[in-house]
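Shown next, in structure tokens, is the structure this report addresses.
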Amino acid sequence: MRVLVVEDFEILARTIGTGLRREGMAVDVVLDGADALEHLAVTRYDVVVLDRDLPGVHGDEVCRRIVAAHPSTRVLMLTAASTVRQRVDGLGLGADDYLPKPFDFSELVARIRALGRRSAPAVPPVLESGDLTLDPSTRVARRGGRRLDLSPKEFAVLECLLAASGRLVSAEELLERVWDEAADPFTTAVKTTVRRLRAKLGDPPVIHTVREGGYRIGAP
């Protein structure tokens, strides 16, 4: 899942970003509305975590532009507003969900995951291929009934490949969906992660490489 965090309080913004990365999400962090719009112009995000009271371009305006130009992107609005009227106003702008500050981080993660499922094409609740299963909601993957000990990046790559249902997924697409803007486009991170993932999945191999094409799970 690709997430953009837009929050002008830098300590909170960085803390949210770090926490979401530990949950296996690819996260970009910006501190104002103008920077958020620049990121949205070049990157497709599943979810935008948007502080309402931003300097420069206000969060309300950022939300309106997301709704108008990026209909598949879900918006989770954060605000210190405490009244029901203020929360209703935020939803009226087109935000998909609303979370008042202060909030519990586990609730933030749960809401982002729920919105992410809404932004993506419909997929089965449990992804399967042969004896390999992956449950995105519980973050558990198994092969032949054996639970796999996967890192967040390994889990995310496996989830992308299974969700593709046999479609070829390029290294560039995996880099965009699983990593974030800090990733070097010439990095070997995708190749290294796939190699580790293959080792943990065991034999017979389920991830097939198509030369100069990418990776797929299914018939080679």
Worksheet item: Among all residues two or more places apart in sequence or in another chain, which pass the side-chain hydrogen bond (donor to acceptor under 3.5 Å, both in side chains) test with K200?
Response: E154

Worksheet item: Do L168 and Y215 have side-chain heavy atoms sitting under 4.5 Å apart?
Response: no

Item to complete: Identify the heavy atoms of V62 and A36 that sit nearest to each other, and give their distance.
Response: CG1-CB, 4.5 Å

Discussion item. Side chains of H39 and V30, heavy atoms from C-beta outward: is any pair under 4.5 Å?
Written reply: yes

Practice prompt. With the side chain counted from C-beta on, respond yes when V206 and S129 share a heavy-atom pair under 4.5 Å apart, and no when they do not.
Written response: no

Worksheet item: Should E7 and K101 count as an ion pair when the cut-off is N to O under 4.0 Å?
Response: yes

Response to the item:
Between the OG1 atom in T15 and the CD1 atom in I11, the distance rounded to the nearest 0.5 Å is 7.0 Å

Worksheet item: Which value, rounded to the nearest 0.5 Å, describes the distance between F155 atom CZ and T193 atom OG1?
Response: 14.5 Å

Worksheet entry | Side chains of V27 and R2 in contact at under 4.5 Å (non-hydrogen atoms) | no

Item to complete: Please determine, by modelled atom types, if T209 and R198 share a side-chain donor-acceptor pair under 3.5 angstrom.
Response: yes

Fill in: Pair listing, salt bridge (charged side-chain N to carboxylate O under 4.0 Å, His left out) test, anchored in residues 155-168, at least two apart
R139-E159, R167-E173

Worksheet item: For the side chain of T73 and the backbone of D46, is there at least one donor-acceptor N/O pair under 3.5 Å apart?
Response: no

Discussion item. For G166, is there any backbone N or O sitting under 3.5 Å from a side-chain donor or acceptor partner on R216?
Written reply: yes

Practice prompt. Indicate yes or no: at least one non-hydrogen side-chain atom of P205 is less than 4.5 angstrom from one of D203.
Written response: yes

Worksheet item: Between V126 and L134, is any pair of side-chain heavy atoms under 4.5 Å apart?
Response: no

Item to complete: Would you give the length of the straight line joining atom CG of D51 to atom CG of L76, rounded to the nearest 0.5 angstrom?
Response: 11.0 Å

Worksheet item: Would you say D8 and D32 make side-chain contact, with heavy atoms under 4.5 Å?
Response: no

Discussion item. Check whether H58 reaches the backbone of D60 with its side chain - one donor and one acceptor, N or O, closer than 3.5 Å.
Written reply: yes

Discussion item. Does this structure show an ion pair linking R142 with D131, if we count only N-O contacts that are shorter than 4.0 Å?
Written reply: no

Worksheet item: What closest approach, in Å, do A163 and L127 show between heavy atoms, and which atom pair accounts for it?
Response: N-CD1, 4.0 Å

Item to complete: Could you tell me whether the side chain of K153 and the main chain of G24 form a donor-acceptor pair under 3.5 Å?
Response: no

Worksheet item: Under a 4.5 Å cut-off applied to non-hydrogen side-chain atoms, are V6 and L54 in contact?
Response: yes

Fill in: Inter- and intrachain pairs under side chain to side chain donor-acceptor pair (under 3.5 Å), touching residues 103-116, at least two apart
E23-R113, D97-R111, D104-S106, E107-R111

